[in-house]
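I have placed the structure first, in the form of structure tokens, so that the comments after it can refer back to it.
Numbered from 1 within each chain, the chains take letters A, B, ... in sequence-line order.
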Number of protein chains: 2
Amino acid sequence: MAKTNKNQDTEGQILTAAKNVFQKKGMDGARMQEIADEAGINKAMLHYYYRSKQLLFEAVFSNAFSLLAPQLNKALNDDSSIEDKVKNFTNNYISFISKHPYLPNFIIQELNRNPKFFEKIQQNAAFPTLEKFKTQVTEEVEKGMLKPIDGEQLFINIISLNIFPFVASPLIKGILKIDDKGFKQLMERRKTDVSEFIINSIKK
Amino acid sequence: MAKTNKNQDTEGQILTAAKNVFQKKGMDGARMQEIADEAGINKAMLHYYYRSKQLLFEAVFSNAFSLLAPQLNKALNDDSSIEDKVKNFTNNYISFISKHPYLPNFIIQELNRNPKFFEKIQQNAAFPTLEKFKTQVTEEVEKGMLKPIDGEQLFINIISLNIFPFVASPLIKGILKIDDKGFKQLMERRKTDVSEFIINSIKK
DNA sequence: TTATGGTTTAACCATTTGGTTAACAAAGGT
DNA sequence: ACCTTTGTTAACCAAATGGTTAAACCATAA
């Protein structure tokens, strides 16, 4: 829509501020005033552009999911072998998340809070689909390239190994007695360790 | 309801109600009135027994963590081999969580919200320690029982594979297009699949 | 029976919070 | 210039919310 903006892009500033606050504090913990402060504007502007907290939140959530979904989709549906998919996804995903540390926890938390969100984002064009990956796993198992494994279980294993450490980072830092720096190093090592771990398990 | 009993564990009723509400809605989303309603008592009683929302929440959180920590600790520090530890933990943990589905997400979410909680629960007697597990992994690697692997990474892998599917269950249900029943069946299969997957990867 | 002390309740309070309003400022078009 | 549309602000509002209070309740000891 062609709004004649005095200020360059207030709508975008709001979205950025809302992203920061919502991802850090969640829907319930976030305050409209804090978002306005972070954006450096009046609170009424939030309602002018997004009508309600709920709608602003949905815009942020939708944006976040649109950032994450293609990562998954690309990794699942390109033309490489399962082995290469594992390697590429592990490497790329850990790099990606290091740049967006709040993202996975935000998505997971809010999906738990309100599973109805799923229906909304399932219409998202880039919503990840598992069909190709599953048939590919079956094929490679039949060809003898992989040990017998169910595609769904393998998929769960891959995302668990890659995503969970970021979601549970406070717990892991506590048990391993490491700080932010140590955690980063650990995740860096996982870029290779995790794919080795998976490949070791499934390759014949 | 029989009001004739004087303090027949009102405190416990409150704690149970608070657990239900906090685990479902989180600290920020929970309402004191809802906890009171769920406990079937007056809102003022919450403050009479626990002084504030914060303190009531901490009681619930501490309780939850005390339920989860021994599971981890027992699995890490008994005298069985790494292979048996993987098998036992995977089997036991998935059974345990099926009975407490909100637990892992609750712990993880609130630890992310306020990392300072960690200091409080670290004093917990049963707080999981990794020392024995790490030296045991090193030993078994040296003896040639296991392929070379870092104990910390193996630990992260084990808990990721076991915990993440429960934390991300809405996401997994969505992508795999399954309902609650299908999810339960999937997790049931994981009791053996996950330990096989891990053992496959690390056993020489 | 009555005094006592912990327990329970209804009513109340101060503050926070999402949301609205009305007036004002800045462009854009004619 | 003038009017219309869009953008922005300060002040305001009603509802919700965590927390408090003062009185009532009730089992038990004296």
Side-chain angles (χ1 to χ4, degrees), chain A residues 1-63 106 109-110 113-114 116-117, chain B residues 1-63 106 109-110 113-114 116-117:
Chain A
M1 56 179 66
K3 287 180 177 169
T4 58
N5 283 353
K6 269 188 309 189
N7 202 340
Q8 195 58 340
D9 185 14
T10 308
E11 201 169 335
Q13 280 175 255
I14 293 176
L15 209 60
T16 301
K19 183 193 74 184
N20 290 336
V21 175
F22 276 132
Q23 291 195 357
K24 218 176 296 184
K25 311 220 166 162
M27 166 71 173
D28 294 326
R31 297 289 156 248
M32 294 296 266
Q33 186 58 58
E34 190 181 351
I35 295 174
D37 291 347
E38 174 118 359
I41 53 155
N42 189 289
K43 185 164 65 90
M45 294 297 279
L46 304 183
H47 294 93
Y48 180 75
Y49 282 103
Y50 292 93
R51 291 198 41 199
S52 70
K53 186 185 184 184
Q54 179 67 24
L55 287 174
L56 176 55
F57 177 82
E58 283 173 20
V60 170
F61 186 86
S62 201
N63 258 9
F106 175 67
Q109 174 55 24
E110 300 301 333
R113 205 186 61 91
N114 187 358
K116 281 186 183 173
F117 272 152
Chain B
M1 155 172 354
K3 290 251 164 80
T4 55
N5 47 12
K6 184 179 175 180
N7 185 22
Q8 196 201 345
D9 203 11
T10 307
E11 201 169 333
Q13 280 175 253
I14 293 176
L15 209 61
T16 301
K19 183 193 73 184
N20 290 337
V21 176
F22 276 132
Q23 290 195 358
K24 218 176 296 183
K25 312 220 166 164
M27 167 70 175
D28 293 327
R31 296 289 156 246
M32 294 296 268
Q33 187 59 58
E34 189 179 354
I35 295 173
D37 290 347
E38 173 117 1
I41 54 160
N42 189 288
K43 185 164 66 90
M45 296 294 280
L46 303 182
H47 295 93
Y48 180 75
Y49 282 103
Y50 292 92
R51 293 201 40 197
S52 70
K53 186 185 185 185
Q54 180 66 24
L55 287 174
L56 176 55
F57 176 82
E58 283 173 21
V60 169
F61 186 86
S62 202
N63 259 9
F106 174 67
Q109 175 54 23
E110 300 301 332
R113 206 186 57 92
N114 186 359
K116 282 186 183 173
F117 274 152

Checklist entry - Taking atom C1' of dA11(D) as reference, at what distance in whole Å does atom NE2 of His47(A) sit? => result 15 Å
Item to check | Nucleotide nearest Ala44(B) when distance is taken to its side chain, options dG18(D), dT21(D), dT9(D) | outcome: dT21(D)
Checklist entry - What's the CG-P distance between Asp37(B) and dT17(D), to the nearest Å? => result 12 Å
Checklist outcome for this item: Taken to the nearest whole Å, NZ/Lys43(A) to P/dG19(C) is 9 Å
Checklist outcome for this item: To the nearest angstrom, the OH-P distance between Tyr50(B) and dG18(D) comes to 17 Å
Item to check | Rounded distance (Å) that lies between atom C1' of dG18(C) and atom CG of Leu56(A) | outcome: 12 Å
Checklist entry - Using 30° and 60° as the class limits, which term best fits the ring planes of Phe22(A) and Phe57(A): parallel, tilted or perpendicular? => result perpendicular
Checklist entry - For the atom pair NZ (Lys24(B)) and NZ (Lys19(B)), what is the distance rounded to the nearest 0.5 Å? => result 11.0 Å
Checklist entry - Quick one: Gln33(B) CD to dT17(D) P, roughly how many Å, whole number? => result 9 Å
Item to check | Side-chain heavy atoms of Leu15(A) within contact of Tyr50(A), under 4.5 Å | outcome: yes
Checklist entry - Checking all strands, does Met32(B) fall into the base, sugar-phosphate, or nothing category for heavy-atom contacts under 4.0 angstrom? => result sugar-phosphate
Checklist entry - Of the nucleotides dG7(D), dG19(D), dG19(C), which one has an atom closest to the side chain of Met45(A)? => result dG7(D)
Checklist entry - For Thr10(A) and dG7(D), is the shortest distance between a side-chain N/O and OP1 or OP2 below 4.0 Å? => result no
Item to check | Neighbours of DNA chain D within residues 14-29 of chain A, by heavy-atom distance under 4.0 Å | outcome: none
Item to check | Reported CG-to-CD1 distance for the pair Asp9(B) and Ile14(B), which is rounded to 0.5 angstrom | outcome: 9.5 Å
Checklist entry - Phe57(B) has an atom CZ; how far is it from atom P of dT17(D), in whole Å? => result 18 Å
Checklist entry - Between Tyr49(A) and dT8(D), does any side-chain N or O lie under 4.0 Å from OP1 or OP2? => result yes
Checklist entry - Between Asn42(A) and Arg31(A), which is nearer to the 5' end of DNA chain C once each is assigned its nearest nucleotide? => result Arg31(A)
Checklist entry - Between Lys53(B) (side chain) and Leu46(B) (backbone), is there a donor-acceptor pair under 3.5 Å? => result no
Checklist outcome for this item: Rounded to the nearest 0.5 angstrom, the CD1-CE distance for Ile35(A) and Met45(A) is 14.5 Å
Checklist entry - Just checking Ala30(A): base, sugar-phosphate only, or nothing, at a heavy-atom cut-off of under 4.0 Å? => result sugar-phosphate
Checklist entry - Is there a donor and acceptor pair closer than 3.5 Å between the side chain of Lys53(B) and the base of dG19(D)? => result no
Item to check | Whole angstrom value for the distance that separates C1' of dA22(D) from OH of Tyr48(B) | outcome: 15 Å
Next on the checklist: Checking Glu110(B) against Asn114(B): is there a side-chain donor and acceptor pair closer than 3.5 Å?
Outcome noted: no
